[in-house]
Amino acid sequence: MDTSQSMSGIEYIDSNNMIVVEGISNSSNTESDSIRSDVNTFRPSNLEVASHSAGSSGVVTNKRPRKPNPTTPLAYVGFETHGGAYNRVFSTPNGNKFYKPDVPAEFEPPVGTAYASWEDVVTMYVAYAKKAGFMTKHGTHKYRPTTTSYRFMHCKRYGKTQLGDFSMANCKNKRSTRIKKTNCMACIRLKVLPGTSEYILYEWHELLNHPLIGQEFMDFSSDQRAITYTEQHLIHSLSMHNIGPVRAHKANCSLKGGHQFVRGKGVDYKNFYRDIRLFIRDRDAQLTVDTLVARTENLHNFYFDHKVVNDEVRGLFWADDVSRCHYDEFGDVLAFDATYKTNKYKMIFVPFTGVDHHTKCVTFGAGLICDETIESYLWLLENFLKAHTKQPRLVLTDQDSSMRRAVLKVFHKSSHRLCMWHIVMKIPVKLKGSNVDNEQLKKGISNLVWDLQIEPDDFEQRWTALMEEYNLTDHEWLGQMYAIRRRWVPCYFKHLDMCCLMKTTSRCESTNAMFKVNTNKSNTLLQFLMCFDTAIDGQRHKQRELEFGMMTTTAVCVTPLRIERHASEIYTPALFRLVQKEIDRGFLHCSTSIPTVIGSVKLYNVVQYNQMLVPVCNFEVTFDIRDKTTLCTCNLFRRIGYLCRHIFAVFRLEQVHAIPDQYVPKRWSRDSLPRRVYDISNRYSVDNRVETRLRNEILDTVGLCTDRLRRNPIELSALCDQVKALKIKIFAEVPYDPDCHRTTAVISDLLHVPETGTATLIPPQSIRTKGCGNEKDNNTDDNSGKRFVGEREKAITRLKKGKVPRLCGKCKKYVTDHNAGTCDKVHAQKAAAAAKARAAKSSAAAHATATETFPADGLSSLTDDARTSLDVST
């Protein structure tokens with residue numbers, strides 16, 4: 001008789017070639033306990049389906065098999081392979097199969113072993129299950145009056161599934177499903193030593209009643225799908241860049257070299273992202289306000305205010321120290337515009353934009369409002385003024401009437417200007433007529449309004465002549481635009497400093513697009529705030545990058561003039577490129593006359609040439625030899641803040657080798673901003689906590705080591721063993737903290753908000769995204785009332801329910817029945833149809849004439865030849 005000793009008991013082969021397993025429960029308890037465990041061990045799921053013959057109900061029942069004897073004979077079937085998993089297979093007399101995993105002895109759970117913590121138990125059994133090819137789950141607890149006394153871990157397929165009625169009468173519209181539970185009894189059982197946190201393994205059931213999983217499929221197991229804090233942090237961080245959980249999963253798979261190296265599936269990433277939103281949920285407005293209030297308390301010079309009506313948050317405005325520093329230096333021209341679809345409550349996002357010393361967009365602050373009424377914009381602009389204290393010279397907006405009235409009331413010292421691009425682009429929509437005529441008119445108006453040298457009187461004369469040329473003198477919309485010409489035509493702003501820094505709201509559109517890259521319309525307010533921080537950090541990172549390039553590079557001069565070298569030392573690189581162009585053009589394409597001297601002032605006449613050296617225009621330049629003050633009639637310095645080519649031509653004659661200080665505005669200089677704006681504490685999307693910095697440093701260190709050894713597999717293997725040994729040491733010394741790994745605790749750490757709390761503020765419940773400032777205002781020169789709707793707009797509105805008109809590239813008309821490829825054919829068909837209609841109309845008219853000439857009774861007396869002759873003539 002061949003016998004073998006195993007961890008599961010004594011196996012021997014009897015005379016009938018049957019495997020007899022004794023003491024398979026590995027129990028250290030009494031004989032009765034052993035018998036009970038054997039009964040449980042060999043209690044497979046025996047699903048017997050009744051036949052669908054007459055008299056059968058067709059119900060699937062989960063019948064319990066007959067209990068085996070304490071010593072159960074099992075027939076040894078042999079080895080089976082399921083997806084690469086090798087295991088020994090046994091069969092009971094009634095045909096039920098049991099599978100014994102083929103696992104190295106060092107991975108098997110040794111009965112009688114003590115474990116210091118439950119985490120050690122889980123680690124041990126999960127490792128064994130992974131080698132064996134099945135999944136695990138935590139079982140039930142047994143409690144003493146005050147403490148846990150017993151704990152179990154089972155196979156994932158332990159338990160019974162309640163099956164429904166599968167009779168033919170109830171098979172319609174049944175959901176297709178598959179059964180996961182087989183009542184597998186493989187498990188380990190542990191008891192807690194009284195007075196300690198140690199666990200003793202006292203029972204282990206090894207056999208499973210279902211096939212095992214191959215190692216190549218174990219990455220789909222539930223034990224491997226539990227995502228770690230690293231994956232959770234990745235999901236949250238990428239969401240701040242508007243990258244959803246599915247794309248985050250794909251990116252992580254790409255970075256790690258395949259799906260098998262990534263914990264969790266795409267649905268697990270989606271579930272965690274859902275958990276974040278559920279964590280915020282009803283506390284959204286409260287958490288957002290609390291976060292901004294905490295910044296005012298903990299950060300230098302941070303401004304925040306909010307508007308609450310009946311516990312609803314109806315408005316938010318905030319500006320940090322960096323934004324306020326930017327406004328102090330670059331706040332001479334301010335532009336703002338509203339944008340939508342940035343949060344789930346449809347609150348309207350209003351960023352305030354300017355231009356910095358690198359000619360890039362910079363944000364002075366931002367706000368969220370619930371509607372576009374005058375009152376909302378008044379509240380927003382008043383808070384902006386409280387934060388920045390001074391008013392801008394020029395405010396640029398679109399034609400929104402609520403914005404205009406709020407600007408006039410709050411920024412009463414500023415000049416308000418409308419975006420001229422929006423006005424010019426509306427010409428084809430507002431006017432009735434062919435597209436060719438509209439384009440010609442648009443071109444004529446553009447050439448007129450964009451002329452920076454024209455005077456207001458000349459503009460009015462040329463506008464009148466243009467309207468008379470196209471017979472549009474009485475056009476309603478053009479009349480409205482002419483009535484408010486002082487708000488959008490550049491020649492009426494020539495006297496303002498920096499009036500040409502921004503002439504349109506294109507920088508607002510650029511800023512809005514930047515924020516929309518990071519946000520989406522399903523964000524909560526707290527998520528939107530974090531996305532805003534990420535976008536602002538990106539904007540300021542670009543500014544720091546330009547500062548670094550300015551400090552580490554030197555400009556290349558294109559002329560031998562020393563004033564060019566001086567300009568490269570005082571201006572930022574972006575401004576220097578513009579000034580360098582003026583110096584070069586003044587050196588090569590300008591000539592000066594003999595000056596007229598009046599006291600200490602010299603008057604030069606400067607002729608400007610084009611690339612073909614043909615004279616284009618003349619400008620007068622005055623130069624005071626006492627303090628080197630100068631003035632040019634082109635007015636470039638006042639319009640944009642740097643000297644023109646005509647003045648540089650005079651400087652060359654006067655031997656001026658450096659730009660005078662009065663002509664170097666601080667806003668264009670290299671040191672216009674204090675160093676503190678670049679400090680890391682002002683980067684809100686960066687986690688500055690000590691533990692986060694150390695985590696990143698550890699990951700970077702390990703990454704550098706693996707990069708160094710990437711082509712040395714022997715050293716990589718040694719490094720892997722060292723890291724594993726370090727992991728074992730850390731896990732042994734640092735106990736597992738379940739509170740730290742709870743989903744809510746993890747989300748609280750990621751969002752930097754408390755895990756629990758009460759909410760007294762709620763998000764807005766009703767949002768209005770249409771302005772309310774279109775009524776007539778008798779205090780201004782705009783009495784146009786409601787917005788004028790052009791004929792083309794009306795036509796497009798009528799056709800929206802049908803086909804949308806498109807521009808034909810051949811006939812230059814908005815049509816719905818053809819395009820450039822079929823234009824000739826359709827026009828030919830239309831011409832033929834029109835000709836046929838005209839012929840039919842002429843025939844009808846001739847026939848009517850003939851009837852009058854020959855009445856019906858007279859025609860009856862005509863001969864057949866005469867009748868035929870009359871018909872032919874007709």
Side-chain angles (χ1 to χ4, degrees), residues 317 327 330-339 348 350-355 361 363-367 369 372-426 449-450 452 456 459 477 480-509 511-512 638-640 771-788:
F317 176 80
Y327 184 80
F330 315 126
D332 38 17
V333 179
L334 170 68
F336 67 95
D337 190 15
T339 186
I348 303 160
V350 185
F352 295 86
T353 305
V355 181
C361 294
T363 303
F364 299 142
I369 54 178
E372 291 189 273
T373 60
I374 300 174
E375 292 75 16
S376 294
Y377 279 117
L378 279 174
W379 178 88
L380 189 65
L381 295 182
E382 286 170 356
N383 275 279
F384 181 89
L385 193 57
K386 288 179 184 178
H388 298 295
T389 65
K390 69 174 184 179
Q391 299 186 19
R393 293 196 185 101
L394 185 66
V395 180
L396 186 65
T397 68
D398 58 17
Q399 287 181 270
D400 185 89
S401 184
S402 299
M403 284 186 185
R404 175 177 59 80
R405 297 192 184 190
V407 168
L408 294 177
K409 290 182 180 180
V410 179
F411 298 140
H412 52 84
K413 295 181 180 179
S414 306
S415 297
H416 182 215
R417 182 173 181 176
L418 302 178
C419 174
M420 56 189 301
W421 181 85
H422 281 91
I423 295 176
V424 174
M425 292 301 294
K426 288 179 182 178
V449 299
W450 287 96
L452 301 178
F459 168 79
W477 180 76
Q480 293 177 7
M481 295 303 102
Y482 182 73
I484 60 172
R485 61 190 180 277
R486 297 181 182 276
R487 297 202 197 124
W488 63 280
V489 179
C491 65
Y492 292 95
F493 296 90
K494 294 173 63 175
H495 63 284
L496 295 178
D497 293 340
M498 308 301 294
C499 62
C500 291
L501 186 63
M502 284 193 290
K503 297 186 287 294
T504 68
T505 58
S506 58
R507 288 187 179 269
C508 292
E509 304 289 345
T511 302
N512 293 345
R638 166 165 282 188
R639 287 187 285 113
I640 202 69
C772 301
N774 288 325
E775 296 84 359
K776 293 183 179 181
D777 188 354
N778 296 324
N779 297 325
T780 65
D781 56 354
D782 181 12
N783 292 318
S784 56
K786 293 187 177 181
R787 187 179 71 90
F788 174 78

Engineer: With sequence neighbours left out, write down each residue that passes ring-ring contact (aromatic ring centres under 6.0 Å, His included) with Phe330, or none if nothing qualifies.
Structural biologist: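 Residues passing ring-ring contact (aromatic ring centres under 6.0 Å, His included) with Phe330: His357.
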Engineer: Keeping Tyr327 on the side-chain end and Lys390 on the backbone end, is there a donor-acceptor pair under 3.5 Å?
Structural biologist: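 The answer is yes, because a donor-acceptor pair under 3.5 Å joins these two groups.
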Engineer: Treating Trp488 as the side-chain partner and His422 as the backbone partner, does any N or O pair qualify as donor plus acceptor under 3.5 Å?
Structural biologist: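 Not at all, since once roles are kept as given, no pair shorter than 3.5 Å links the two residues.
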Engineer: Might you point out which heavy atoms bring Phe336 and Val395 nearest each other, and give the distance in Å?
Structural biologist: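 It is CE2-CG1, 3.9 Å.
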Engineer: Could you grab the distance from atom CG of Leu396 to atom OG1 of Thr353, nearest 0.5 Å is fine?
Structural biologist: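 Reported value, rounded in 0.5 Å steps: 10.0 Å.
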Engineer: Nearest 0.5 angstrom please: Asp332 CG to Leu496 CG, how far?
Structural biologist: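 Taking CG in Asp332 and CG in Leu496, the distance rounds to 11.0 Å.
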Engineer: Decide side chain to side chain contact (heavy atoms under 4.5 Å, CB included) for Val355 and Val333; before the verdict, give the C-alpha distance in whole Å, the side-chain angles of both, and the deciding distance to 0.1 Å.
Structural biologist: CA-CA 8 Å; Val355 181; Val333 179; over 6 Å; no
Engineer: How close do Leu452 and Cys500 get, heavy atom to heavy atom, and via which atoms?
Structural biologist: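 Where Leu452 meets Cys500 most closely, the heavy atoms are CD2-SG, 4.2 Å.
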Engineer: What pairs of donor and acceptor atoms, side-chain ones from residues 409-416 against any protein atom, are under 3.5 angstrom apart with sequence neighbours left out?
Structural biologist:
from	atom 1	to	atom 2	distance (Å)
His412	NE2	Gln391	NE2	3.4
Ser414	OG	Pro392	O	2.4
His416	NE2	Thr397	OG1	2.7

Engineer: Just by distance, do the side chain of His388 and the backbone of Gly365 share a donor-acceptor pair under 3.5 Å?
Structural biologist: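 The answer is no, because no donor-acceptor pair under 3.5 Å joins these two groups.
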Engineer: For Met420 and Thr504, run side chain to side chain contact (heavy atoms under 4.5 Å, CB included): C-alpha distance rounded to whole Å, both residues' side-chain angles, the deciding distance at 0.1 Å, then the answer.
Structural biologist: CA-CA 6 Å; Met420 56 189 301; Thr504 68; 4.2 Å; yes
Engineer: Rounded to the nearest 0.5 Å, what separation is found between the CG atom of Asp398 and the CD atom of Glu509?
Structural biologist: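 Asp398 CG to Glu509 CD: 8.0 Å, rounded to 0.5 Å.
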Engineer: How far apart are the C-alpha atoms of Thr505 and Trp421, what are their side-chain angles, what is the distance that settles it, and do they pass the side chain to side chain contact (heavy atoms under 4.5 Å, CB included) test?
Structural biologist: CA-CA 8 Å; Thr505 58; Trp421 181 85; 6.0 Å; no
Engineer: Filter on side chain to side chain donor-acceptor pair (under 3.5 Å), then keep only pairs touching residues 493-503, sequence neighbours left out; what's left?
Structural biologist: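 Matches after skipping sequence neighbours: Glu455-Lys494, Asp497-Arg638.
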Engineer: For the residue pair Phe317 and Trp379, what are the closest heavy atoms and their distance?
Structural biologist: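 For Phe317 and Trp379, the tightest heavy-atom pair comes out as N-CH2, 3.9 Å.
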Engineer: Indicate the atoms forming the closest heavy-atom contact of Phe493 with Arg486, along with that distance.
Structural biologist: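 So the minimum-distance heavy-atom pair works out to CZ-O, 3.2 Å.
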Engineer: Check Asp337 against Cys508 and note the closest heavy-atom contact, atom names and distance.
Structural biologist: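 In this case the closest contact between Asp337 and Cys508 is CB-CB, 3.9 Å.
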Engineer: Any donor and acceptor pair, going by atom type alone, linking the side chain of Arg487 with main-chain N or O of Gln399 inside 3.5 Å?
Structural biologist: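 Not a single qualifying donor-acceptor pair exists.
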Engineer: On a heavy-atom basis, which atom in Ala338 and which in Glu372 lie closest, and how many Å separate them?
Structural biologist: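 Taking every non-hydrogen atom into account, CB-OE2, 3.7 Å.
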Engineer: Go through the steps to decide whether Leu381 and Phe352 satisfy the test side chain to side chain contact (heavy atoms under 4.5 Å, CB included), and finish with yes or no.
Structural biologist: CA-CA 10 Å; Leu381 295 182; Phe352 295 86; 3.7 Å; yes
Engineer: Could you measure the distance from the CD1 atom of Ile484 to the CD1 atom of Ile423? Nearest 0.5 Å is fine.
Structural biologist: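 Ile484 CD1 to Ile423 CD1: 5.0 Å, rounded to 0.5 Å.
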Engineer: Measure the spacing between CE of Met425 and SG of Cys419 and express it to the nearest 0.5 Å.
Structural biologist: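 These two atoms lie 10.5 Å from each other.
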Engineer: Would you give the length of the straight line joining atom CZ of Arg404 to atom CD1 of Ile374, rounded to the nearest 0.5 angstrom?
Structural biologist: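 So the gap between those two atoms works out to 8.5 Å.
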